[in-house]
Amino acid sequence: MWNWTENQIELYLIRHGMTLGNVEHRYIGRQTDEPLSEDGRQQLEKRKDQWAQVCRTGDMPYVFVSPMLRCRQTAEILFPQIPQIEIDPWREMDFGEFEGKNYAQLNGDPRYQAWIDSGGTLAFPGGESREAFIARCVDGMELVMEQIRQQLAYRACPKCRETEDNGMIQEPLPVAAVVHGGTIMALLSHYCGGDYFSYQVKNAEGYHLRLSLQENKMELKEKV
């Protein structure tokens, strides 16, 4: 039996569709607002029905998105006619001077080698450190939690029904967020623990989590 006072939410973190920069294995961060590629659009069309079923879109009043074009376009394809709420701190990581470059172009650069040797913890030259990026993404999650507390939770109340013992059953409310691969790794490594890079996910894929607003905790359910 669900107790709505616990504010349980079904959260779906979805990585945006493919872009040309993704295909070319470039560091495409917050400096590059590139659109989806045609292959990326087709990729999303193939997964559209699956995500709609998984997320129960009929119960979703809106979808959270990074303000970057590739995320907004992805949400338009996966969740058409559902209003978007932009979360500015969920922009992709700032890759600084590595922005737009791939391994072939960076190979031999001592600054890049130093970043690799650090396990990715050093700040990118002229960009963000992993620590700062994670903190920014967590700030964004706090904004999302507040939005849910103020609006989504109350909209779910009509779904409550009496049980035989006069308790209340509440089906967890679905909340979807279309973000970046880096954003997903940042959030899951912070809230769920484990290695940052272990949460890498392909374009148009994501994770299903149980979010407790009361405790500000996430429980990883499955990869989607």
Side-chain angles (χ1 to χ4, degrees), residues 13-44 46-47 64-78 86-141 177-207 209 220 223-224:
L13 295 177
I14 305 168
R15 187 184 176 193
H16 62 78
M18 191 183 305
T19 69
L20 181 60
N22 295 147
V23 175
E24 296 176 345
H25 303 291
R26 299 184 183 278
Y27 287 92
I28 304 298
R30 66 180 301 165
Q31 299 180 43
T32 306
D33 202 15
E34 68 176 4
L36 297 174
S37 65
E38 185 57 38
D39 287 344
R41 289 182 173 275
Q42 293 177 12
Q43 171 191 50
L44 291 166
K46 292 178 181 178
R47 298 213 65 190
F64 295 101
V65 297
S66 157
M68 304 198 77
L69 182 60
R70 50 197 183 269
C71 293
R72 292 185 285 111
Q73 289 180 333
T74 296
E76 289 170 3
I77 294 172
L78 294 182
E86 297 182 8
I87 304 299
D88 192 73
W90 277 357
R91 294 176 184 270
E92 181 59 287
M93 193 173 199
D94 187 342
F95 296 123
E97 295 177 31
F98 296 166
E99 181 76 23
K101 298 178 181 179
N102 58 26
Y103 175 79
Q105 294 170 305
L106 291 168
N107 188 29
D109 185 330
R111 300 173 303 169
Y112 186 57
Q113 189 59 52
W115 179 81
I116 291 176
D117 292 342
S118 76
T121 58
L122 282 181
F124 288 94
E128 283 182 297
S129 67
R130 184 194 299 179
E131 182 180 12
F133 176 58
I134 291 175
R136 171 161 66 82
C137 291
V138 170
D139 286 344
M141 191 69 232
V178 179
V179 292
H180 307 273
T183 312
I184 292 173
M185 291 189 293
L187 291 174
L188 295 194
S189 62
H190 175 80
Y191 286 102
C192 301
D195 181 66
Y196 179 85
F197 291 109
S198 69
Y199 296 110
Q200 287 182 327
V201 66
K202 296 179 181 179
N203 295 104
E205 296 182 356
Y207 289 97
L209 303 108
L220 181 59
K223 195 172 183 179
V224 183

All heavy atoms of Arg47 vs all of Ala204, minimum pair found to be NH1-O, 2.9 Å
Scanning both residues in full, the closest heavy-atom pair of Ala177 with Trp90 reads CB-CZ3, 3.7 Å
Could you check whether any side-chain heavy atom of Glu76 comes within less than 4.5 Å of a side-chain heavy atom of Val178, counting everything from C-beta outward? no
Would you say that Cys192 contacts Leu209 through its side chain, given a criterion of any heavy-atom pair below 4.5 Å between the two side chains?
yes
Taken to the nearest 0.5 Å, the spacing of Ile134 CD1 from His190 NE2 works out to 8.5 Å
Short question: side chain of Arg111, backbone of Pro125 - any donor-acceptor pair under 3.5 Å?
no
Keeping the roles fixed (side chain from Ser189, backbone from Ala186), state whether a donor-acceptor pair exists under 3.5 Å. yes
So do Arg15 and Asn22 actually touch side chain to side chain, heavy atoms under 4.5 Å? yes
**OP:** Answer yes if the side chains of Ser66 and Glu92 hold a donor-acceptor pair under 3.5 Å, and no otherwise.
**Re:** no
Counting C-beta onward and ignoring hydrogens, is there a side-chain heavy-atom pair between Leu220 and Tyr191 closer than 4.5 Å? no
Q | Backbone N/O of Gly17 and side chain of Thr74: donor-acceptor pair under 3.5 Å | A | yes
- May I ask you to test the Leu44-Gln73 pair for a side-chain heavy-atom distance under 4.5 Å? no
Scanning both residues in full, the closest heavy-atom pair of Gly29 with Met68 reads O-CE, 3.5 Å
All heavy atoms of Asp33 vs all of Arg72, minimum pair found to be OD2-NH2, 4.4 Å
d(Ile28 CD1, Phe98 CZ) to nearest 0.5 Å is 14.0 Å
Residue pairs passing the salt bridge (charged side-chain N to carboxylate O under 4.0 Å, His left out) test with at least one member in residues 189-207, sequence neighbours excluded, are none
Given the options Glu24, Arg26, Glu34, Thr19 meets side chain to side chain donor-acceptor pair (under 3.5 Å) only with Glu34
### Task
Side-chain contact test, heavy atoms from C-beta onward, threshold under 4.5 Å: evaluate it for Phe133 versus Arg130 and give yes or no.
no
Inset, instruction - Ignoring hydrogens and angles, tell me if any N or O in the side chain of Arg30 forms a donor-acceptor pair with the backbone of Asp94 under 3.5 Å. - result: no
When rounded to the nearest 0.5 Å, the distance separating CZ of Phe64 from CD1 of Ile87 is 5.5 Å
Scan side-chain atoms only and decide if Gln43 and Asp39 contain a donor-acceptor pair under the 3.5 Å cut-off.
no
So OG1 of Thr32 and CG of Leu69: to nearest 0.5 Å the spacing works out to 12.0 Å
Interatomic distance, SG@Cys137 vs CZ@Arg91, rounded to 0.5 Å, equals 12.0 Å
Applying ring-ring contact (aromatic ring centres under 6.0 Å, His included) to Phe95 and not counting sequence neighbours gives Tyr27, Phe124
- Do the non-hydrogen side-chain atoms of Arg70 and His180 ever get within less than 4.5 Å of each other? yes
Counting neighbours of CD on Glu86 that are heavy atoms of other residues, nucleotides or ligands and sit closer than 6.0 Å, is the number greater than 12? yes
Value for CD1 (Ile14) from CG (Asn203), rounded to nearest 0.5 Å, stands at 12.5 Å
Check: Within a strict 4.5 Å, meaning less than it, do heavy atoms of the Leu106 and Trp115 side chains meet?
Finding: no
